[in-house]
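Inspection log for the structure reproduced underneath, given as structure tokens.
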Amino acid sequence: MENQAQPIQRKKRALSCIQPTGIPTLGNYLGALRNWVQMQDEFDCAFAVADLHAITVRQEPAKLRQQITEMFALLLAIGLDPERSLLFVQSHVPAHSQLAWLLSCNTQFGELSRMTQFKDKSARHADNINLGLFAYPSLMAADILLYQPDYVPVGADQKQHCELTRTIAERFNGLYGNTFVVPEPYIMKAGARVRSLQNPQKKMSKSDENVNSFISLKDDKDTILRKFRRAVTDSEAQVRYAEGKDGVNNLMEIYSAVTDKSMDAIEAEFAGKGYGDFKNAVGEAVAAELAPIQDRLQQLLQDKAQLEQWMRLGAEKAACVAARTLFKAQKKMGYVMLK
Ligand code: TYM
């Protein structure tokens with residue numbers, strides 16, 4: 001029998017980033033981080049700490065420095081493996097800023113004006129509506145397109161930015177010839193939109209002034225149980241997933257994401273029981289999920305030299321990949337390239 005050569009199937013690629021603007025919340029974890037860990041088996045992955053994005057709102061330098069290191073350590077603590085995946089800090093790879101400029105010149109004012117994150121953040125930081133905040137999606141497009149990923153695993157709130165990245169990539173490819181893979185957002189159903197525990201109309205956010213509205217990945221068990229006990233529900237006292245029950249739906253979604261139980265199974269588990277038992281079970285499940293991560297984070301933060309070594313390794317590997325795409329984009333646009 002003839003031995004037919006099989007085409008080599010390359011693994012699909014995925015890239016995502018997280019801003020180091022405070023301790024991530026359960027929303028970041030369920031909407032993004034946890035999925036990243038699972039994706040490592042199936043995809044060629046790259047993940048970064050988006051520290052250039054962080055300065056679109058004012059940061060205190062000493063605090064920012066600490067948060068970048070902590071966020072990098074957290075990526076390791078949740079189970080990202082720097083030997084299998086590309087793990088790096090955005091500012092260590094200058095190509096991000098360089099490509100961002102080229103892409104800015106291919107992004108329309110009207111497109112940027114429609115971004116809901118820009119509208120939200122400029123309302124919250126009215127005294128500092130800076131150019132970077134406005135141009136944020138062009139930098140995010142650069143983060144993504146430099147690594148030519150097929151998928152961008154994010155929570156639902158980043159879908160709009162991912163769509164704009166696709167528009168920018170398609171525009172660039174159309175004008176200058178095929179340069180970028182046009183990636184798709186990859187949004188897992190469970191945990192895609194974790195909501196505030198105090199106002200389930202809003203997403204859970206680490207910048208919320210009310211600390212009871214979010215679970216931070218560093219909260220200890222007592223704090224987690226207390227915050228869930230205080231979570232807003234309704235007066236029906238029935239654990240069921242239904243329209244108009246945003247608070248309960250949110251808690252059910254969190255419980256489902258952490259335990260893998262279906263909504264039907266959760267309804268059956270708490271049939272005839274009050275919200276007290278339910279909230280307690282959600283708190284216990286979340287605390288059990290976070291405890292081993294918190295332990296690993298503490299260990300990793302003890303050894304700053306080792307962390308820096310991982311950062312350097314990631315920066316070097318990322319810079320190689322990114323430089324290739326940047327070169328291609330610059331050349332296509334007509335720049336004189338020195339060999
Ligand atoms: P950031 O740092 O705000 O959030 C990191 C990830 O967490 C997800 N997320 C949530 N998911 C579910 N429920 C929530 N309440 C919730 N809050 C946050 C976000 O969707 C995100 O996936 N612009 C990005 C960072 C970024 C980026 C990139 C992402 C910069 N460059 C390139 C992907 C690719 C951001 O601000 O995410």
Side-chain angles (χ1 to χ4, degrees), residues 24-39 116-117 119-120 123-124 152-163 184-217 219 221-291:
T25 66
L26 186 64
N28 297 120
Y29 180 68
L30 295 178
L33 299 175
R34 202 175 62 140
N35 305 328
W36 300 359
V37 178
Q38 288 163 6
M39 290 178 85
T116 50
Q117 185 169 301
K119 290 189 220 166
D120 287 353
R124 268 192 285 133
V152 184
V154 285
D157 64 312
Q158 293 299 316
K159 187 163 182 246
Q160 196 185 29
H161 286 159
C162 291
E163 298 296 347
E184 277 176 46
Y186 188 93
I187 300 172
M188 302 288 233
K189 221 165 153 238
R193 202 186 290 274
V194 178
R195 295 164 188 283
S196 155
L197 299 182
Q198 292 299 315
N199 177 0
Q201 266 75 49
K202 291 199 308 188
K203 75 167 179 177
M204 181 180 284
S205 164
K206 55 197 163 207
S207 51
D208 202 311
E209 276 161 22
N210 183 350
V211 290
N212 287 322
S213 72
F214 60 84
I215 303 290
S216 136
L217 292 198
D219 283 345
K221 183 170 175 181
D222 286 348
T223 310
I224 294 173
L225 290 175
R226 181 169 39 78
K227 286 184 179 176
F228 276 114
R229 234 178 281 131
R230 291 191 182 164
V232 167
T233 44
D234 52 56
S235 54
E236 194 196 43
Q238 256 193 55
V239 178
R240 60 187 189 97
Y241 197 86
E243 206 164 317
K245 287 175 71 72
D246 294 348
V248 171
N249 293 350
N250 188 35
L251 296 182
M252 288 179 78
E253 278 170 21
I254 292 172
Y255 192 57
S256 163
V258 174
T259 61
D260 254 352
K261 292 178 183 169
S262 68
M263 293 304 168
D264 286 347
I266 298 171
E267 286 178 5
E269 185 178 344
F270 295 98
K273 295 187 186 157
Y275 287 155
D277 287 343
F278 173 52
K279 287 175 169 181
N280 205 46
V282 182
E284 290 281 350
V286 168
E289 171 98 11
L290 299 188

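In what follows, residues are counted from 1 in the order of the sequence shown.
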Next item on the list: Could you give me the CA-CA distance, side-chain angles and deciding distance for Met252 and Val239, then say whether side-chain contact (heavy atoms from CB on, under 4.5 Å) is met?
Entry: CA-CA 8 Å; Met252 288 179 78; Val239 178; 4.1 Å; yes
Next item on the list: Check Ile187 against Ala192 and note the closest heavy-atom contact, atom names and distance.
Entry: CG2-CB, 3.6 Å
Notebook entry, point to check: Are the side chains of Val232 and Asn199 in touch, meaning some heavy atoms are under 4.5 Å apart?
Noted result: no
Margin query: Tell me every residue that passes ring-ring contact (aromatic ring centres under 6.0 Å, His included) with Tyr275, counting only those two or more places apart in sequence or in another chain.
Written below: none
Next item on the list: Scan residues 250-259 for pairs that pass side-chain hydrogen bond (donor to acceptor under 3.5 Å, both in side chains), counting only residues two or more places apart or in two chains.
Entry: Tyr241-Glu253, Tyr255-Lys261, Tyr255-Glu269
Note to self: Taking salt bridge (charged side-chain N to carboxylate O under 4.0 Å, His left out) as the cut-off, I'd like each qualifying pair that reaches into residues 192-203, sequence neighbours left out, listed once.
What the structure shows: Asp157-Lys203, Lys202-Asp208
Item checked: All salt bridge (charged side-chain N to carboxylate O under 4.0 Å, His left out) counterparts of Glu284, not counting sequence neighbours -> Lys221
Next item on the list: Check whether any side-chain heavy atom of Asn280 sits under 4.5 Å from a side-chain heavy atom of Phe228, and report yes or no.
Entry: no
Margin query: Would you compute the distance between atom CD of Glu289 and atom CD1 of Ile224 and round it to the nearest 0.5 angstrom?
Written below: 10.5 Å
Check: Quick one: are Phe214 and Leu26 in side-chain contact, heavy atoms under 4.5 Å?
Finding: no
Next item on the list: Check whether any side-chain heavy atom of Lys206 lies under 4.5 Å from a side-chain heavy atom of Asn28, and answer yes or no.
Entry: yes
Check: How many angstroms lie between CG in Asn249 and OG1 in Thr233, if you round to the nearest 0.5 Å?
Finding: 11.5 Å
Checklist line | Test log, rule side-chain contact (heavy atoms from CB on, under 4.5 Å), inputs Leu33 and Leu217 | finding: CA-CA 11 Å; Leu33 299 175; Leu217 292 198; 4.3 Å; yes
Next item on the list: Find out whether Pro185 and Glu163 are in side-chain contact, i.e. whether some heavy atom of one side chain is under 4.5 Å from a heavy atom of the other.
Entry: yes
Item checked: salt bridge (charged side-chain N to carboxylate O under 4.0 Å, His left out) pairs, two or more places apart, involving residues 26-39 -> none
Check: What distance do Gln117 atom CD and Arg124 atom CZ have between them, rounded to the nearest 0.5 Å?
Finding: 8.5 Å
Next item on the list: Drop me the distance from Ile215's CD1 to Thr25's OG1, to the nearest 0.5 angstrom.
Entry: 9.5 Å
Check: What is the distance from atom NZ of Lys227 to atom NZ of Lys279, rounded to the nearest 0.5 Å?
Finding: 14.5 Å
Notebook entry, point to check: What are the two closest heavy atoms between Val154 and Cys162, and how far apart are they?
Noted result: CG2-SG, 3.9 Å
Next item on the list: Verify whether one side chain among Gln238 and Glu267 offers a donor that lies under 3.5 Å from an acceptor in the other.
Entry: no
Note to self: In the structure I gave you, are the side-chain heavy atoms of Asp246 and Leu251 within less than 4.5 Å of one another anywhere?
What the structure shows: no
Next item on the list: Please answer whether the main-chain N or O of Thr116 pairs with a side-chain N or O of Gln160 as donor and acceptor at a distance below 3.5 Å.
Entry: yes
Check: If you round to the nearest 0.5 Å, how far is CD of Gln198 from CG of Asn210?
Finding: 5.0 Å
Next item on the list: Using atom types as modelled and distance alone, determine if a side-chain donor or acceptor of Lys245 lies under 3.5 Å from a backbone N or O of Asp234.
Entry: no
Check: How about Arg226 and Asn212: do any of their side-chain heavy atoms sit closer than 4.5 Å?
Finding: yes
Check: For Asp277, what residues pass the salt bridge (charged side-chain N to carboxylate O under 4.0 Å, His left out) criterion, not counting sequence neighbours?
Finding: none
Checklist line | Any side-chain heavy-atom pair of Met204 and Ser213 under 4.5 Å | finding: no
Item checked: Closest contact, heavy atoms only, Val258 versus Ala285 -> CG1-O, 3.6 Å
Item checked: Within 45° cone and under 6.0 Å: Lys273 NZ/CZ vs Phe278 ring -> no
